[in-house]
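Worksheet for the structure shown next.
Chain naming here is simple, since letters A, B, ... match the order of the sequence lines and numbering starts at 1 in each. In this text the structure is predicted, and so the values were computed from the model without any measurement.
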There are 2 protein chains.
Amino acid sequence: MTSVEEPARPNGRIRDAARTRAEILDVATQEFARAGYDGARVDEIAARTRTTKRMIYYYFGGKEQLFTAVLERSYGVIREAEQGLDVEHLDPVAAIRRLAELTFDHHEAHPDFIRLVSIENIHGAEHIAGSEKLGRIGSPALDVIRRILESGRESGLFTADVDAVDLHAMISSYCFFRVANRHTFGALFGRDLVDPAQREHYRSMLGDMVIAYLTADRATG
Amino acid sequence: MTSVEEPARPNGRIRDAARTRAEILDVATQEFARAGYDGARVDEIAARTRTTKRMIYYYFGGKEQLFTAVLERSYGVIREAEQGLDVEHLDPVAAIRRLAELTFDHHEAHPDFIRLVSIENIHGAEHIAGSEKLGRIGSPALDVIRRILESGRESGLFTADVDAVDLHAMISSYCFFRVANRHTFGALFGRDLVDPAQREHYRSMLGDMVIAYLTADRATG
DNA sequence: TAGCTAACGTACTGGTTCGTACATTAGTGA
DNA sequence: TCACTAATGTACGAACCAGTACGTTAGCTA
């Protein structure tokens with residue numbers, strides 16, 4: 001979500017395809033996240049850029065393709081963050097905890113992305129399915145998880161024979177729910193899951209949960 | 001989601017306020033879950049009932065209030081299910097596992113409800129906030145969790161000093177994510193989280209996770 | 001510097017969609 | 001059985017909104 005900030009010469013139009021495109025994407029991300037796909041207004045997006053609706057159709061073709069472009073960029077951001085993951089110098093337990101915490105942090109830092117994913121799920125992930133960039137894109141974090149799990153199993157620290165994708169789902173579900181369902185959860189239980197004062201509590205709870213699962217003696221229960 | 005099925009006398013209109021109201025709610029639930037709040041079409045809802053759009057406005061007042069009514073009924077269903085919870089005769093570990101499994105089952109059995117909750121979160125839970133029936137409704141499951149946790153702590157089975165609401169969030173997040181994010185997860189990782197063949201796997205994984213967390217020695221990690 | 005094209009703006013349209021004015025009838029109680 | 005009201009149907013309007021036809025200009029290049 002690289003934001004566009006330029007000296008902005010005072011008057012008249014300046015030609016800058018890249019800036020215009022990026023600005024449309026920025027505003028569209030906010031608008032789609034705010035109101036959902038059908039609730040988002042192309043006119044509103046246009047009004048909040050320094051350009052016009054015409055340009056949205058010029059660059060993206062239509063509302064649908066614009067939403068796909070917004071998704072593609074948002075997933076690109078998380079991919080980049082995951083590519084920078086540097087936890088494999090840690091011992092497996094610490095590495096997994098650190099990975100979980102980074103996932104936690106990223107979700108918290110990008111609520112718009114979480115909303116976009118929720119919206120995309122309402123629509124059956126049809127935009128992802130129709131995108132060349134996104135189909136079966138996977139996640140760099142998965143490879144990291146795979147390697148940590150392997151070394152954890154080898155060293156005997158992890159008792160469970162856990163699949164990397166499953167563990168990724170487990171971590172993601174916790175991080176995702178906390179942000180995505182913040183509003184209904186708060187309204188029903190009177191507790192803000194994203195309360196900054198509770199941040200550390202929820203963050204360590206995630207690590208505790210994952211580590212407990214990976215190191216548990218499966219005889220119990 | 002009590003579905004309406006009556007002998008349906010062949011011709012002419014029958015006056016049945018309750019049936020008409022319930023039928024509208026049934027169809028509206030499907031339509032809102034299908035397309036989201038803004039994507040849902042009042043005309044479409046009307047067309048799929050045995051009555052007309054006029055009746056939607058007669059009984060509910062408008063699209064917004066109809067959505068609120070749909071939410072109220074859906075939450076009512078889950079409340080009822082939770083009220084029937086009968087796990088306290090089990091030992092704490094088995095009771096928690098059973099509770100988690102029932103949550104798992106309910107989420108899987110009511111994907112429309114999950115979608116409605118996702119949609120309501122996109123809209124900041126404003127309908128719940130504006131509903132007398134739903135504000136701070138809480139959840140019967142919470143009381144059950146509270147009691148199980150207490151007895152588990154007393155008997156020394158649970159090492160962790162866990163809050164009931166937090167544990168409820170933990171269980172819910174796993175169950176919710178699996179259904180709500182099924183589509184994006186499937187599109188990105190090529191794995192269907194709701195694949196019936198994997199159902200038992202994910203169900204026991206949830207129980208293992210929760211029990212491991214509750215019985216773990218917090219020194220690790 | 002002429003001319004060409006990518007980039008941009010304006011104004012409009014056609015279909016959609018929530019909501020309602022008005023007319024009607026089924027069933028009930030006096 | 002008559003009248004009254006809750007329940008229902010029809011037809012329409014007005015606003016909204018995605019998308020486009022058409023015209024304009026900035027800036028590069030030959």
Return all side-chain donor-acceptor pairs below 3.5 angstrom for residues 78-87 of chain A, not counting sequence neighbours, or 'none' if the list is empty.
unit_1	atom_1	unit_2	atom_2	d
A/Arg79	NH1	A/Ile137	O	3.0
A/Glu82	OE1	A/Ser139	OG	2.7
A/Glu82	OE1	A/Ala141	N	3.3

* Select base, sugar-phosphate, or nothing to describe what B/Ala46 touches, counting heavy atoms under 4.0 Å on all strands. => nothing
* **Salt bridge A/Glu101-A/Arg98, side-chain N to carboxylate O under 4.0 Å** => yes
* Asked: Just how far, in rounded Å, is P of C/dT16 from CG of A/Asp38?
  -> 14 Å
* Derivation and outcome, side chain to side chain donor-acceptor pair (under 3.5 Å), residues B/His127 and B/Glu120 -> CA-CA 7 Å; B/His127 303 94; B/Glu120 176 66 354; 2.7 Å; yes
* Quickly work out the B/Arg41 CZ to C/dC18 C1' distance and round it to whole Å. => 10 Å
* Nearest whole angstrom, please: distance from the P of D/dT8 to the CD of B/Glu23. => 10 Å
* Asked: So does A/Asp112 pair up with A/Arg34, basic N to acidic O under 4.0 Å?
  -> no
* **Residues B/Arg199 and B/Glu108 bridged, charged N to O under 4.0 Å** => yes
* To do: Can you check whether any acceptor in the base of C/dA6 is under 3.5 Å from a donor in the side chain of A/Arg15, or vice versa?
  => yes
* Over 12 non-hydrogen atoms of neighbours within 6.0 angstrom of CZ in B/Arg48 -> yes
* Asked: How long is the line joining CZ of B/Arg21 and P of D/dT8, in whole Å?
  -> 12 Å
* Taking only heavy atoms on the protein side, list every residue of residues 51-65 of chain A lying under 4.0 Å from any atom of DNA chain C, sorted numerically. => A/Thr51, A/Thr52, A/Arg54, A/Met55, A/Tyr58, A/Tyr59
* Integer-rounded Å distance: C/dT17 P and B/Ile45 CD1 -> 12 Å
* Short side-chain N/O contact to C/dA7 OP1/OP2 from A/Thr20, under 4.0 Å -> no
* To do: Provide the full list of side-chain hydrogen bond (donor to acceptor under 3.5 Å, both in side chains) pairs with a residue in residues 51-63 of chain B, sequence neighbours left out, each pair given once.
  => B/Asp43-B/Lys53
* Separation of atom CZ in B/Arg50 from atom C1' in D/dA7, rounded to whole Å -> 16 Å
* **d(CZ, B/Phe67; C1', C/dT17) in whole Å** => 18 Å
* To do: For A/Phe32 and D/dC17, give me the distance from atom CZ to atom P, rounded to whole Å.
  => 14 Å
